[in-house]
2 protein chains.
Amino acid sequence: MTDDSLYGRLRSAILSLDLAPGQRLSERGLEPEFGASRTPIRAALMRLESEGLAQRDGKNWMVAPLNLDEIRALYEYREVLESATTRLASERASREDLEELAELASTSDAGETPEHSLDAGTSFHLELARISGNPFLEDAMRSVLTRLYRTRWLEVQSAESRDRVHAEHSSIASALLAGDSASAELATIDHLRGTDERLRQSVASDRLRLRASGIAVD
Amino acid sequence: MTDDSLYGRLRSAILSLDLAPGQRLSERGLEPEFGASRTPIRAALMRLESEGLAQRDGKNWMVAPLNLDEIRALYEYREVLESATTRLASERASREDLEELAELASTSDAGETPEHSLDAGTSFHLELARISGNPFLEDAMRSVLTRLYRTRWLEVQSAESRDRVHAEHSSIASALLAGDSASAELATIDHLRGTDERLRQSVASDRLRLRASGIAVD
DNA sequence: CTCTCGACTGTGGTATACCAATATGGTATC
DNA sequence: GATACCATATTGGTATACCACAGTCGAGAG
């Protein structure tokens, strides 16, 4: 799962908040920290930029900041993608696909750590996208989940939220297993709207504490 | 409109088929042709890879080939994006936005060249995405239009196709101006399905001729 | 004539030197 | 003391040298 390439290590550092949102990055400054020279560092930064994890501020690099407007737009976008994904998955998925999806839904056990819950949720939504049969939907979902990763981490801090996510994933998987496309689509939309709401409340309420940790939220 | 950066020139060369789909590219081989050294060439190739215009074949670079399965998946993906885009645009667009959109629709005049028709169509769909108010939908539409550019070029060769595209764009704009969201969404879906069908017929019927020109279609 | 093996050419990957532009900080002047 | 200006350090952008690897072509052995 862990990617020990320079790109993977930089990505992990950003997603784990080791590199704070909004933090300025210099290519030469990253050389000693990651033990690589500017050429591969630049390549990794360019790739991270295309994924929305790094940005340019003029000519300088920075870790992509957290932005409430962007989160809202991402959830709207995700609802477009994922409702269609659920519908297509219902039309196309094999029995085995759906059983694996149900297993992934049950794996996101509430007793686990926030990290496990987050990764399990990521796997669930990516598998759902995969069985939709459209690789562009899958790529778009992967991109959205990546962009939302750092904020989703906030939401999944409370055991109550993890329980709710778990139950909602199970509802989606059950509806798909029952062949009820409409219910599955509605369950997906409910899940996203609930998650969005809980998440943005977390961000808003934690904003001051976050800022105290050096994490700016626009 | 033209981008004289190295990236822009490489992109144009691919989209205009000066660099044939499937053609192998070597970083050093591009140096004399584009008058730049490997470093910026590599950067441009990596960016084009993230946009789906260049690919890697093992360690080697190649111009992204044309692939009928991919075209089908792209149109399915695009229908997901653009039906939602139309709905959101109908909810949010100002009167000025919609009038500009209608103007763009009428600009795609049937008497123009294929290139003009294609660029006008691109502008229409990008403007529609812009007034949806969601930057991620807009970026995704831009990406889809870029990936489909070379194949759309085939479809727009006949004046008859250009007429039809023009009429369909006008229908969408009219429905939006009338505030009829449902009709606009249906007109968008009709437009895409018709375009998809005409396009894939063009590709299929031209496949042999294309191959004779060195353009492989999988 | 065929097959195998080796030298060679070309590939991308990386490190690094150099350049121009810009931000910075200290100093001198008002 | 404030401000303007200049030296300097740091930045990203680019060109290039070197490396390891792979694919190819040719020569030599069977």
Side-chain angles (χ1 to χ4, degrees), chain A residues 1-15 18-65 67 139 214-216 218, chain B residues 1-15 17-65 67 139 147 214-216 218:
Chain A
M1 177 118 181
T2 50
D3 180 354
D4 63 344
S5 70
L6 172 64
Y7 157 76
R9 285 185 292 146
L10 253 173
R11 183 177 186 274
S12 293
I14 293 175
L15 292 181
D18 280 348
L19 295 175
Q23 177 180 345
R24 182 160 168 210
L25 302 174
S26 99
E27 298 175 356
R28 284 182 176 84
L30 293 170
E31 284 192 36
E33 192 166 352
F34 288 86
S37 72
R38 282 181 67 205
T39 308
I41 285 175
R42 277 177 67 85
L45 285 172
M46 287 189 288
R47 183 166 169 194
L48 290 166
E49 182 188 23
S50 76
E51 297 174 358
L53 295 182
Q55 289 186 4
R56 314 210 60 155
D57 170 28
K59 299 212 313 179
N60 298 320
W61 293 100
M62 64 189 292
V63 178
N67 180 294
D139 286 347
I215 301 177
D218 296 341
Chain B
M1 176 115 183
T2 50
D3 179 354
D4 64 345
S5 70
L6 172 65
Y7 157 77
R9 285 186 291 146
L10 253 173
R11 183 177 184 275
S12 293
I14 293 175
L15 293 181
L17 302 180
D18 281 347
L19 295 175
Q23 177 180 343
R24 182 161 168 208
L25 302 174
S26 96
E27 298 174 357
R28 284 180 176 85
L30 293 171
E31 284 192 35
E33 192 166 352
F34 288 86
S37 72
R38 281 182 67 204
T39 308
I41 286 176
R42 277 177 67 85
L45 286 172
M46 287 189 288
R47 182 166 169 194
L48 291 166
E49 182 188 22
S50 76
E51 296 174 358
L53 295 182
Q55 288 186 4
R56 316 209 59 154
D57 170 29
K59 298 213 314 179
N60 298 320
W61 292 101
M62 64 188 295
V63 178
N67 181 295
D139 287 346
R147 285 172 190 263
I215 301 177
D218 297 340

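We name chains A, B, ... by the order of the sequence lines, and we start the count at 1 in each one. Atoms considered below: every heavy atom in the structure, side chains included; atoms not considered: hydrogens, waters and symmetry mates.
Ranked by how close their nearest DNA chain C nucleotide is to the 5' end, B:T39 and B:R24 are led by B:R24. Residues A:N60 and A:P40 each lie close to DNA chain C; by heavy-atom proximity, the contact nearer the 5' end of the strand is made by A:P40.
For the pair B:E51/B:R147, no side-chain contact is recorded, criterion being any heavy-atom separation below 4.5 Å from C-beta on. When side chains are defined from C-beta on, B:L10 does not count as touching B:L53, because their heavy atoms never get closer than 4.5 Å.
The separation between A:E31 atom CD and D:dG12 atom C1' is 12 Å, rounded to whole Å. A straight line from CE of B:M46 to P of D:dT14 spans 12 Å, rounded to a whole angstrom. Rounded to an integer number of Å, the gap from CD of B:Q55 to P of C:dG12 is 15 Å. The CG atom of B:D57 sits 19 Å away from the P atom of C:dG10 (whole-angstrom rounding). Rounded to whole angstrom, the span from the CZ atom of A:R42 across to the P atom of C:dG13 amounts to 16 Å. Rounding to whole angstrom units, NZ of residue B:K59 and C1' of C:dG12 are separated by 5 Å. The CG atom of A:L30 sits 17 Å away from the C1' atom of C:dT16 (whole-angstrom rounding).
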Query raised in the report: Between A:R56 and A:E49, does a side chain to side chain contact (heavy atoms under 4.5 Å, CB included) hold up when you go through it step by step?
Result: CA-CA 8 Å; A:R56 314 210 60 155; A:E49 182 188 23; 3.0 Å; yes

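Considering only the side chain of A:E27, D:dG12 comes nearest among D:dA15, D:dG12, C:dG12.
Note on A:S37: every side-chain N or O is 4.0 Å or more away from OP1 and OP2 of C:dT16.
As judged by a 4.0 angstrom heavy-atom cut-off over every strand, B:L45 is placed among residues making no nucleic acid contact. Within the 4.0 angstrom heavy-atom criterion, no nucleotide atom of any strand lies near A:I41.
Between A:Y7 and A:A44, the shortest heavy-atom contact is CA-CB, 3.9 Å. Minimum heavy-atom separation, B:I41 to B:A36: CD1-O, 3.7 Å.
Judged by distance alone, with hydrogens and angles left aside, A:R28 brings a side-chain donor or acceptor within reach of the base of D:dG12, the pair sitting under 3.5 Å. Checked by distance alone, A:R38 brings a side-chain donor or acceptor within 3.5 Å of a matching partner on the base of D:dG13.
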